[in-house]
Amino acid sequence: QVQLVESGGDLVQPGGSLRLSCTASGRIFSINRMGWYRQAPGKERELVALFTNSGGTYGIQYVDSVKGRFTLSRDNGKNTVYLQMNSLKPEDTAVYYCNIVTRFSAYWGQGTQVTVSS
């Protein structure tokens, strides 16, 4: 059974940076989508950054509010997905969830709290 373990969330000041990590405990095959979502209290879950794979064609998507500030990356050898977050704003405060969708199922991390406050 695959599990996703997230880390890197913290309390930071506005303008600061964090790097979130998501490591899969097992091998995952036939990945269609892989990335990060976030959910703030009282708000709907929101897509933040996403790798896409359609028949071998790859792409990256970011929600408009994080473009130019967040960077999605991965290390296949470590089974790890990263989200580098720079120039953080208070509105980035949320629980961030790693997500992987395959042709067979979807996997979610437990969530890691990011709080941006002075």
Side-chain angles (χ1 to χ4, degrees):
Q1 184 175 350
V2 173
Q3 289 186 314
L4 305 182
V5 180
E6 301 167 339
S7 64
D10 207 346
L11 171 64
V12 297
Q13 295 183 347
S17 297
L18 288 173
R19 190 186 192 188
L20 306 183
S21 298
C22 171
T23 300
S25 63
R27 296 290 186 182
I28 302 178
F29 301 95
S30 301
I31 295 173
N32 293 326
R33 297 175 180 270
M34 178 172 60
W36 294 86
Y37 292 75
R38 66 186 179 187
Q39 187 167 22
K43 300 183 67 176
E44 293 293 316
R45 185 176 60 190
E46 175 187 40
L47 173 66
V48 178
L50 186 70
F51 285 113
T52 61
N53 176 19
S54 179
T57 300
Y58 299 94
I60 304 177
Q61 299 177 3
Y62 297 97
V63 67
D64 287 344
S65 61
V66 309
K67 289 181 178 178
R69 300 188 298 118
F70 291 10
T71 302
L72 183 67
S73 63
R74 62 189 174 190
D75 185 334
N76 291 337
K78 296 181 179 180
N79 294 326
T80 300
V81 180
Y82 304 98
L83 185 66
Q84 178 66 46
M85 306 185 296
N86 299 325
S87 302
L88 283 162
K89 304 175 181 179
E91 51 263 44
D92 295 318
T93 296
V95 177
Y96 284 70
Y97 298 93
C98 181
N99 172 248
I100 297 176
V101 178
T102 73
R103 62 178 295 180
F104 305 108
S105 61
Y107 305 94
W108 290 91
Q110 81 286 354
T112 184
Q113 177 70 50
V114 172
T115 302
V116 185
S117 177
S118 59

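Fair warning: this is a prediction, and the values are worked out from it, not measured in the lab.
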* Just one of L83, D92, N99 clears the side-chain contact (heavy atoms from CB on, under 4.5 Å) bar with V48, so which one? ->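 When side-chain contact (heavy atoms from CB on, under 4.5 Å) is applied between V48 and each of L83, D92, N99, only L83 qualifies.
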
Cluster link [X] to [Y], ILVMFWY, side chain under 4.5 Å:
X	Y	result
I60	L20	yes
V81	V5	no
Y82	V63	no

* Can you tell me if S17 and N86 form a side-chain donor-acceptor pair at under 3.5 Å? -> yes

* To do: Check E6 against G109 and note the closest heavy-atom contact, atom names and distance.
  =>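 Here E6 and G109 meet closest at OE2-CA, 3.5 Å.
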
* When rounded to the nearest 0.5 angstrom, what is the spacing between CG in N53 and CD1 in I31? ->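 Here the rounded value is 8.0 Å.
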
* To do: Rounded to the nearest 0.5 Å, what's the gap from CH2 on W36 to SG on C22? Could you check?
  =>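 One gets 5.0 Å once the value is rounded to the nearest 0.5 Å.
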
* Could R45 and Y97 be counted as a cation-pi pair, given that NZ or CZ must be under 6.0 Å from the ring centre and within 45° of the axis? ->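 Judged by the rule (NZ or CZ under 6.0 Å from the ring centre, within 45° of its axis), R45 is not positioned above Y97.
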
* In terms of the angle between their ring planes, are Y96 and F70 parallel, tilted or perpendicular, with boundaries placed at 30° and 60°? -> tilted

* side chain to side chain contact (heavy atoms under 4.5 Å, CB included) with Q113: which residues, sequence neighbours excluded? ->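 By the side chain to side chain contact (heavy atoms under 4.5 Å, CB included) rule, Q113 matches T93, V95, T115.
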
* Residues which pass ring pair (Phe, Tyr, Trp, His ring centres under 6.0 Å) with Y62, listed by chain and number, not counting sequence neighbours -> none

